[in-house]
Amino acid sequence: MPELPEVETVRRGLQPVFEGSRIVAVEQRRPDLRFPFPPDFVASLTGRSVVSLGRRAKYLTIHLDRDPVLICHLGMSGSFRVLSESTATIPGDFHYERSKNEAHDHVVFHLQDAHGASHRIVFNDPRRFGFMLFSTAAALNEHPSLAGLGVEPTGNALGGALLAELLRGKRAPLKAALLDQRLIAGLGNIYVCEALWRAGLSPRREAGSIVATTGRTSVRCERLAGAIRDVIAEAIAAGGSSLRDHAQVDGSLGYFQHSFSVYDREGHPCPKPGCGGTIARIVQSGRSTFYCPSCQR
DNA sequence: AAGTGAACCTGAAGGC
DNA sequence: TGCCTTCAGGTTCACT
């Protein structure tokens, strides 16, 4: 499910509930997800207070009043939802979103906030590609999951010059290079397809071919860097994309999926004014790519 | 060494 | 209805 905008949406949804709350209990309902839980998972979290929630690429980081830091990844189908006692009709009865299969509720955090109100945060993940691991605060950036991640596509860090540097000499298809988390961290299948369409660049093109050979910054790199920043910022503002099931933590849906130009739109007309092309689906490194063969060169 | 494909796992959707 | 195949927002590992 989740690329950077969805994970950021989750972070913003969980933040007001987690921050300043104490973890009074943790239910860990199975020994593993994609990886085994840390052996001291429950004991290390119980009784701790949550100081802040962070995000790096598609990883959520939960910072406590002392080590460890909890690193969470949602995989393809992971989601969090918040159940607050205050929204229940009966005290002690937590409002429960029953549309999801409870068999895949793998972790439940029981929280008490600064006002004494109780909350539960439930992690659900049918495919179990997600995971939760520990790090220390001091070595967080050297944790195997986070070390080696590339630049965030948010803010102004990613510009044409940096993108050119990252892609120079790369023989892989442009699509594959943009999915490489060591170069740009947080893009996934949807937003790569959308950014390439916005930039008018073919996903099949050799990545290094958009880098100017002379010293001048490539106009294609500038255009692509801008398209990436724009699509990510717009998607975050829209609360992410909700496909099959992905929801915000209160169960509501993001709405960026309504803004897709190419993703999952095979056979539809290209939305670029005057283009007249038809969106095609091809497979690159085992994954669907959607693009317009007419205006993406 | 960079690049490609399979593996991990479950559920939804479509064809017959 | 059921059975089969294909596909899904990601990462990692094994291979060329």
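The sequence lines fix the lettering, A, B, ..., with proteins before strands; numbering per chain opens at 1.
In this structure, the CG atom of Leu149(A) is 13 Å from the C1' atom of dT12(C), given to the nearest Å. When the P atom of dA12(B) is taken as reference, atom NE2 of His104(A) falls 9 Å away, rounded to whole Å. Counting to the nearest Å, the P atom of dG11(B) and the CG atom of Asn101(A) are 6 Å from each other. Between the CD atom of Glu266(A) and the C1' atom of dA8(C) there is a distance of 15 Å, rounded to whole Å. Here dA12(B) presents its P atom at 17 Å from CG of Asp264(A), a figure rounded to the nearest Å. Look at CG on Leu33(A): it is 16 Å from C1' on dT12(C), rounded to the nearest Å. We find that CZ of Arg287(A) is positioned 13 Å from P of dC7(C), with the value rounded to whole Å. If you take CG of Leu60(A) and C1' of dT11(C), they are 17 Å apart, rounded to a whole angstrom.
Considering all non-hydrogen atoms of both residues, Ile279(A) and Pro271(A) come closest at CD1-CD, 4.3 Å. The two residues Arg55(A) and Thr154(A) make their nearest non-hydrogen contact at NH2-CG2, 4.1 Å.
Contact annotation for Ser145(A): no contact, since no heavy-atom pair falls under 4.0 Å across all strands.
Heavy-atom distances under 4.0 Å link DNA chain C to Gln181(A) of residues 173-181 of chain A, given in residue order.
To the nearest whole angstrom, the two P atoms, one in dC7(C) and one in dG5(B), are 15 Å apart. dC9(B) and dA14(C): their P atoms are spaced 16 Å apart (whole Å).
Contact between the side-chain N/O atoms of Ser288(A) and the OP1/OP2 oxygens of dA8(C) is found at a separation under 4.0 Å. The phosphate of dG9(C) (OP1 or OP2) has no side-chain N or O of Lys58(A) nearer than 4.0 angstrom.
The side chain of His73(A) lies closest to dG10(C), out of dG10(C), dG11(B), dG9(C).
Salt-bridge annotation for Arg29(A) and Glu102(A): absent, with no side-chain N of the basic residue lying under 4.0 Å from a carboxylate O of the acidic one. For Arg223(A) and Asp230(A), the salt-bridge test fails: no basic side-chain N is under 4.0 Å from an acidic carboxylate O. Under the 4.0 Å criterion applied to side-chain N and carboxylate O atoms, Asp32(A) and Arg30(A) are assigned as salt-bridge partners.
Checking each of Glu3(A), Lys175(A), Gln284(A) against Asn189(A) for a side chain to side chain donor-acceptor pair (under 3.5 Å) leaves exactly one that passes, namely Lys175(A).
In terms of the salt bridge (Lys or Arg N to Asp or Glu O under 4.0 Å) criterion, Glu165(A) has no residue partners (sequence neighbours excluded). Partners of Asp67(A) according to the salt bridge (Lys or Arg N to Asp or Glu O under 4.0 Å) rule, which considers only residues two or more places apart in sequence or in another chain, do not exist here.
Legend: salt bridge (Lys or Arg N to Asp or Glu O under 4.0 Å) pairs involving residues 181-191 of chain A, not counting sequence neighbours, sorted by first then second residue: Asp180(A)-Arg182(A).
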Query - Derivation and outcome, side-chain hydrogen bond (donor to acceptor under 3.5 Å, both in side chains), residues Arg204(A) and Tyr291(A) - result: CA-CA 10 Å; Arg204(A) 315 172 63 162; Tyr291(A) 78 115; 3.3 Å; yes
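Phe290(A) and Phe260(A) have their aromatic ring centers separated by at least 6.0 angstrom.
Residues Tyr191(A) and Glu6(A) have side chains that bring a donor and an acceptor to within less than 3.5 angstrom of each other.
For DNA chain B, the stems formed by at least three consecutive Watson-Crick or G-U pairs, with both atom-pair distances below 3.5 Å, span B:2-8 with C:10-16, B:10-16 with C:2-8.
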Strictly under 3.5 Å: I want the nitrogen or oxygen pairs between protein and nucleotides 5-9 of chain B, one per line.
| from | atom 1 | to | atom 2 | distance (Å) |
| --- | --- | --- | --- | --- |
| dC9(B) | O3' | Arg128(A) | NH2 | 3.2 |
| dC9(B) | O2 | Arg127(A) | NE | 2.8 |
| dC9(B) | N3 | Arg127(A) | NH2 | 3.1 |

